[in-house]
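Reviewing the structure listed below.
Letters A, B, ... are given to chains in the order of the sequence lines, protein chains preceding strands, and every chain is numbered from 1.
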Amino acid sequence: MQPSQRPLNFGVDLRLRSKLQFDAVYAGGRRLDDRFFALRVKANGLAHPRVGLAVAVKTAGNAVKRNRLRRLVRESFRLAQGELPAVDIVVAAKFAAAGAPATSLRDSLATLWKRVASTCASS
RNA sequence: GGAGUCGGCCGGACGGUCGCUGCGUUUCUCACGAAAUGUGGAGGAAAGUCCGGGCUCCUGUGGACAAGGUGCCAGGUAACGCCUGGGCGGCGUGAGCCGACGGAAAGUGCAACAGAAAGCAAACCGCCGAAGCGUCAGAAAUGGCGCUGGCAAGGGUGAAAGGGUGCGGUAAGAGCGCACCGCGGACGUGGCAACACGGACGGCACGGCAAACCCCACCUGGAGCAAGGCCAAAUAGGAAAGUCGCCACGCAAGUGGCAGCGUGAGUCCCGCGUGCUUUCGGGUAGGCCGCUCGAGGUCGCCGGUGACGGCGAUCCCAGAGGAAUGAUCGUCCUCGACAGAACCCGGCUUACAGGCCGACUCCACCU
């Protein structure tokens with residue numbers, strides 16, 4: 001694990017904020033998914049990665065569970081951002097994520113971040 | 001101590017580290033902003049969106065009708081379908097709980113099945129044989145049978161059969177008479193009222209359903225913060241102004257050609273006649289406001305049975321926007337339920353691990 005250049009912040013510039021940005025990722029993004037999450041990844045041409053979340057109340061069960069999932073994903077991204085290339089990532093939760101324990105969700109995300117790093121480095 | 005009723009409250013705690021976000025202060029920056037630091041950051045239901053209001057825009061001179069809602073009385077409130085107090089009815093040994101609880105004497109309608117009959121009285125089984133007629137017996141009185149009839153006590157059907165019980169009465173019966181109960185009820189008394197109490201008199205009628213239509217009284221304009229307002233790129237289109245190539249012919253209007261553009265290395269054919277610049281208004285993306293100081297919280301005093309109201313002091317207590325309020329470590333306990341603000345309030349309803357406080361009731365026991 002190499003030391004990060006940036007502090008592990010999660011400011012406004014690290015999030016996808018508009019429909020335009022989301023659409024761009026959906027249009028040109030590469031797919032990566034596992035049991036709990038489906039990712040869309042696309043190079044953004046910036047100096048850092050950005051993330052956007054797509055978790056519906058319907059998927060999570062209710063609003064509280066939805067918030068819990070979103071926070072978990074964001075925290076995982078925040079801690080892993082130093083290892084990620086400059087890409088935009090949209091993380092969509094699957095139904096299986098709704099009832100899963102937090103530790104397995106975190107493991108799943110950590111693996112996905114590594115896959116993102118390796119695929120984008122090779123291409 | 002056990003069982004229970006009602007009301008109120010809480011909804012893991014503390015500390016460290018890493019993050020997100022509103023506001024204040026300081027520093028830096030031409031500025032956008034950035035950093036540091038301090039401080040605030042989900043709920044009792046934030047939920048369902050079922051009522052009531054504020055706010056905003058649209059519409060309307062008022063009113064009537066329609067449609068919808070509410071429905072014992074009085075009060076509280078900005079308002080309510082909410083709350084408080086009272087009345088009536090029902091349930092419970094009780095504390096208490098439950099109730100769409102106006103009108104059936106304005107009209108229309110409904111009641112399956114059963115039953116003779118379901119709203120106007122009717123008679124299946126039954127009871128009677130006093131009265132009238134016939135007939136039989138008898139000398140007659142009288143008696144038997146039948147018919148015309150009388151009756152609604154008993155049986156039976158039904159959710160409901162037109163007061164109940166008893167005595168008298170009668171051919172048998174019947175409020176036919178009487179007593180008590182029930183019902184209606186002029187009027188009187190108490191109460192703001194709902195209503196309660198008494199009750200001359202009536203002899204019993206006026207059955208039920210209005211969560212059937214309906215009648216009566218009262219209430220209600222529509223849409224919603226994606227309301228609504230402001231600023232405002234790029235592109236296309238609109239308006240105005242300026243400019244609008246060169247040559248030939250013509251006084252001029254104009255005509256023709258070249259250049260130009262579509263169009264590409266060039267040529268031919270075809271099409272276009274404007275193009276450019278500036279400004280203006282509408283307006284999209286985007287941004288800002290609305291956006292949190294409010295029918296506000298806490299405490300005290302006063303008025304009121306109470307809901308609540310008045311006065312005074314004091315506090316500022318989320319404001320996001322692909323949507324913050326989290327993650328992690330440690331310690332402790334009773335090992336943590338339902339659940340996430342989205343313009344704001346007042347209610348109702350629904351979900352919920354566990355716990356605390358107060359008042360009261362019943363049972364048992366002790367003194």
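Distance check, rounded to the nearest 0.5 Å: CG of A/L53 to CD1 of A/I89 gives 10.5 Å. In this structure, the separation between CD on A/Q81 and CD on A/E83 is 10.0 Å, given to the nearest 0.5 Å. The CG atom of A/D34 sits 6.5 Å away from atom NZ of A/K94, with the distance rounded to the nearest 0.5 Å.
Placement of A/F95 and A/F37 in two distinct hydrophobic clusters is found when ILVMFWY residues are connected by side-chain heavy-atom separations under 4.5 Å, directly or transitively.
In this structure, of B/A339, B/G326, B/A323, it is B/G326 that holds the atom nearest to the side chain of A/E75. Distance from the side chain of A/R68 is smallest for B/A339 among the nucleotides B/G340, B/G326, B/A339. For A/A54, whose side chain is taken as the heavy atoms from C-beta onward, the closest listed nucleotide among B/G322, B/A341, B/A323 is B/G322. Checking B/A327, B/U21, B/U325 against the side-chain heavy atoms of A/R71 singles out B/U325 as nearest. In the set B/G326, B/A341, B/G322, the nucleotide with an atom closest to the side chain of A/R78 is B/G326. Among B/A339, B/A323, B/C18, the nucleotide with an atom closest to any side-chain atom of A/N62 is B/A339.
Side-chain N or O atoms of A/K65 include none that pairs as donor or acceptor with a backbone N or O of A/V57 at under 3.5 Å.
In this entry the base of B/C317 is syn relative to its sugar, with a glycosidic angle within 90° of 0. In this structure, B/C206 is classed as syn because its glycosidic torsion stays within 90° of zero. Because its glycosidic torsion is more than 90° from 0, B/G266 is reported here as anti. Base orientation of B/A42: syn, the glycosidic angle falling within 90° of 0. Anti is the classification of B/G312, since its glycosidic angle lies more than 90° from 0.
Between the CG atom of A/L14 and the P atom of B/A324 there is a distance of 16 Å, rounded to whole Å. Distance CG (A/L79) to C1' (B/U17): 12 Å, rounded to an integer number of Å. When rounded to the nearest whole Å, the span between CG of A/N67 and C1' of B/A324 equals 10 Å.
The partner of B/U298, taking Watson-Crick or G-U wobble pairs whose two distances both stay under 3.5 Å, is B/A313. The nucleotide B/C251 finds no pairing partner, because no Watson-Crick or G-U wobble arrangement with both distances shorter than 3.5 Å includes it. The nucleotide B/C291 finds no pairing partner, because no Watson-Crick or G-U wobble arrangement with both distances shorter than 3.5 Å includes it. In this structure B/G262 sits in a base pair with B/C270, meeting the Watson-Crick or G-U test at under 3.5 Å. In this structure B/C187 sits in a base pair with B/G198, meeting the Watson-Crick or G-U test at under 3.5 Å. Pair assignment for B/G40: B/U21, on the basis of Watson-Crick or G-U wobble contacts that are both within less than 3.5 Å.
Distance check on atom C1': B/A259 versus B/A248 gives 15 Å, rounded to whole Å. Nucleotides B/C362 and B/A95 place their P atoms 8 Å apart, quoted to the nearest Å. Using atom P as the reference point in both B/A121 and B/A205, the two lie 11 Å apart (nearest Å). For the P atoms, the distance from B/C197 to B/C181 is 15 Å, rounded to whole Å. To the nearest whole angstrom, the two C1' atoms, one in B/A111 and one in B/G68, are 30 Å apart. Taking atom P on both nucleotides, B/G156 is separated from B/A161 by 14 Å, rounded to a whole Å. Straight-line distance between the P atoms of B/G4 and B/G303: roughly 42 Å, to the nearest whole Å. As rounded to the nearest Å, B/C82 and B/C51 have C1' atoms that lie 9 Å from one another.
Side chains of A/L39 and A/R31 form no contact here, defined as non-hydrogen atoms less than 4.5 Å apart.
Heavy atoms of A/R74 sit under 4.0 angstrom from primed sugar atoms or phosphate atoms, though from no base atom. Nucleic acid contact for A/R50: none, since no nucleic acid atom lies under 4.0 Å from a heavy atom of the residue.
The shortest distance between the side-chain N/O atoms of A/R106 and the OP1/OP2 oxygens of B/U328 is below 4.0 Å. For the OP1/OP2 pair of B/U21 and a distance below 4.0 Å, the side-chain nitrogens and oxygens of A/R15 include at least one atom meeting the criterion.
Of the two residues contacting RNA chain B, namely A/L72 and A/K65, the nearest-nucleotide position lying further toward the 5' end is that of A/L72. Summary of the strand contacts: A/A102 and A/G52 both lie near RNA chain B, and taking for each the nucleotide with the nearest heavy atom, the more 5' one is attributed to A/G52.
Checked against A/V51 for a side chain to side chain contact (heavy atoms under 4.5 Å, CB included), the options A/V91, A/D88, A/L84 give a single hit: A/V91.
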